[in-house]
Amino acid sequence: MGPSPAHAGDLQDLLDQYQLIEQFVLTASVQVNIDRPDVDGFCCPLAAEEGEAVDGWFSYTADGAKWRMDSHLDPTKFPGMDTIIMYDGTSFVYQALDASIRSVQDGPPPAALGLMLLNPAFEPLQFLFPLEDANEGSQPQLEDVQAAVSATTLGSVLWTPVLVDGKALDRAEFPGATYRGVAYSHRVHAKPNAHDRPLIIDRVDAAGGVITRTRLSHYETAVTSSGATTAWPRNVKWEVYDPNTGDLAAEISMVIDGISVNDPTQVAEGIFDVESLPPASTRVVNGEIQP
């Protein structure tokens with residue numbers, strides 16, 4: 001069977017739900033499994049030993065232009081991956097907890113934010129934000145996502161029936177980019193009757209080899225203050241493959257423990273207050289080390 005037009009609004013519904021967000025709070029538990037520590041990939045540094053599992057946690061809070069991301073993995077296994085990254089609407093803050101360093105700079109966030117875990121809140125839209133050398137180290141925030149989806153209409157998406165892991169799914173293809181010398185495209189997979197809930201998003205090379213695979217599952221709904229229903233995967237897994245052999249190199253799994261949409265009471269008081277962050281022995285303000 002050949003490709004067919006998308007059912008009206010299916011994937012567009014996914015984009016549209018992000019336009020409804022004013023406040024968003026997410027917490028998740030994390031596990032990183034390393035199969036090949038020597039293989040570089042599209043995720044956090046592969047710094048642990050082969051066969052080792054490392055646990056951690058992640059949280060994300062957004063309120064309009066303000067946002068904060070907390071990433072924690074064992075700093076003895078993943079140095080520099082115990083961080084708080086935040087924009088309070090005026091200043092950008094990067095705090096490395098294991099190094100006890102806090103950097104504050106006036107103005108909007110830089111292109112490269114620093115070490116952090118991937119944010120599962122926006123991974124269903126991964127295909128709208130191709131990764132390339134120029135934007136390595138960046139991640140879209142709520143305002144970026146809303147700007148992108150407002151400028152995107154997906155009425156002409158074509159879906160092709162395929163088998164993935166023995167399951168009958170539909171596949172749509174989207175442009176990618178070139179990252180570290182490898183050109184890739186995106187393949188988005190969903191159930192035939194649920195195009196608005198992607199289950200697998202692949203980055204594939206020119207020969208069709210999978211470079212990374214993002215698995216999204218166990219979608220649950222969250223109702224906004226206006227009564228609109230939004231859907232979010234509660235399990236997100238990133239798989240990184242060895243480009244030479246096609247073997248699995250690493251996995252990062254997140255189980256989302258909680259999601260809140262447009263409930264200001266869930267935005268913790270003072271969460272965007274720089275002075276409320278854990279103390280740091282070294283403070284850097286606009287590039288100058290403070291006494």
Heavy-atom distance under 4.5 Å between the side chains of [X] and [Y], does that happen here?
| X | Y | result |
| --- | --- | --- |
| Q19 | V149 | yes |
| N235 | R215 | no |
| D82 | S71 | no |
| L20 | D16 | no |
| M69 | Q139 | yes |
| F58 | N119 | yes |
| T282 | S100 | no |
| I271 | S276 | no |

Worksheet entry | side-chain contact (heavy atoms from CB on, under 4.5 Å) between L163 and L169, worked out | CA-CA 6 Å; L163 283 176; L169 301 175; over 6 Å; no

Modelled atom types, side-chain donor and acceptor of [X] and [Y], under 3.5 Å:
| X | Y | result |
| --- | --- | --- |
| D10 | Q12 | no |
| D63 | Q23 | yes |
| H195 | D170 | yes |
| Q290 | R283 | no |
| Q31 | D55 | yes |
| W232 | T230 | yes |
| Q126 | E123 | yes |
| R171 | T160 | no |
| Y179 | E136 | yes |

Worksheet entry | Enclosure of I289 CD1 (heavy-atom neighbours >12, cutoff 6.0 Å) |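 For I289, atom CD1 is not crowded (no more than 12 foreign heavy atoms under 6.0 Å).
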
Could you measure the distance from the [atom1] atom of [X] to the [atom2] atom of [Y]? Nearest 0.5 Å is fine.
| X | Y | atom1 | atom2 | result |
| --- | --- | --- | --- | --- |
| I259 | R234 | CD1 | CZ | 5.0 Å |
| D144 | W67 | CG | CH2 | 9.0 Å |
| Q266 | L26 | CD | CG | 12.5 Å |

Item to complete: For side-chain contact (heavy atoms from CB on, under 4.5 Å), just list the numbers for M86 and L277, CA-CA rounded to whole Å, side-chain angles, deciding distance to a tenth of an Å, and then say yes or no.
Response: CA-CA 10 Å; M86 183 177 76; L277 296 176; 4.2 Å; yes

Heavy-atom pair with the smallest gap, counting every atom of [X] and [Y]:
| X | Y | value |
| --- | --- | --- |
| Q105 | P110 | NE2-CD, 3.9 Å |
| Y18 | A121 | OH-O, 2.8 Å |
| L14 | D196 | CB-O, 3.5 Å |
| K237 | S253 | CE-OG, 3.4 Å |

Discussion item. Under the criterion side-chain contact (heavy atoms from CB on, under 4.5 Å), I'd like the reasoning laid out for T27 against W57: C-alpha separation, chi angles, the key distance, then a yes or no.
Written reply: CA-CA 8 Å; T27 58; W57 56 268; over 6 Å; no

Worksheet item: Looking at residues at least two apart in the chain, or sitting in another chain, which of them share a ring pair (Phe, Tyr, Trp, His ring centres under 6.0 Å) with F174?
Response: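 Applying ring pair (Phe, Tyr, Trp, His ring centres under 6.0 Å) to F174 gives F127.
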
Fill in: Any donor-acceptor N/O pair, H189 side chain to I200 backbone, under 3.5 Å
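Confirmed, H189 side chain pairs with I200 backbone.
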
Discussion item. Taking the six-membered ring for Trp, are Y60 and F122 closer than 6.0 Å centroid to centroid?
Written reply: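 Ring centroids of Y60 and F122 are less than 6.0 Å from each other.
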
Fill in: K66 with D88: basic N within carboxylate O range, under 4.0 Å
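Salt bridge between K66 and D88, a charged N being under 4.0 Å from a carboxylate O: no.
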
Discussion item. My understanding is that only one of V210, T178, L131 makes a side chain to side chain contact (heavy atoms under 4.5 Å, CB included) with Y184; could you say which?
Written reply: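 Among the candidates, only L131 passes.
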
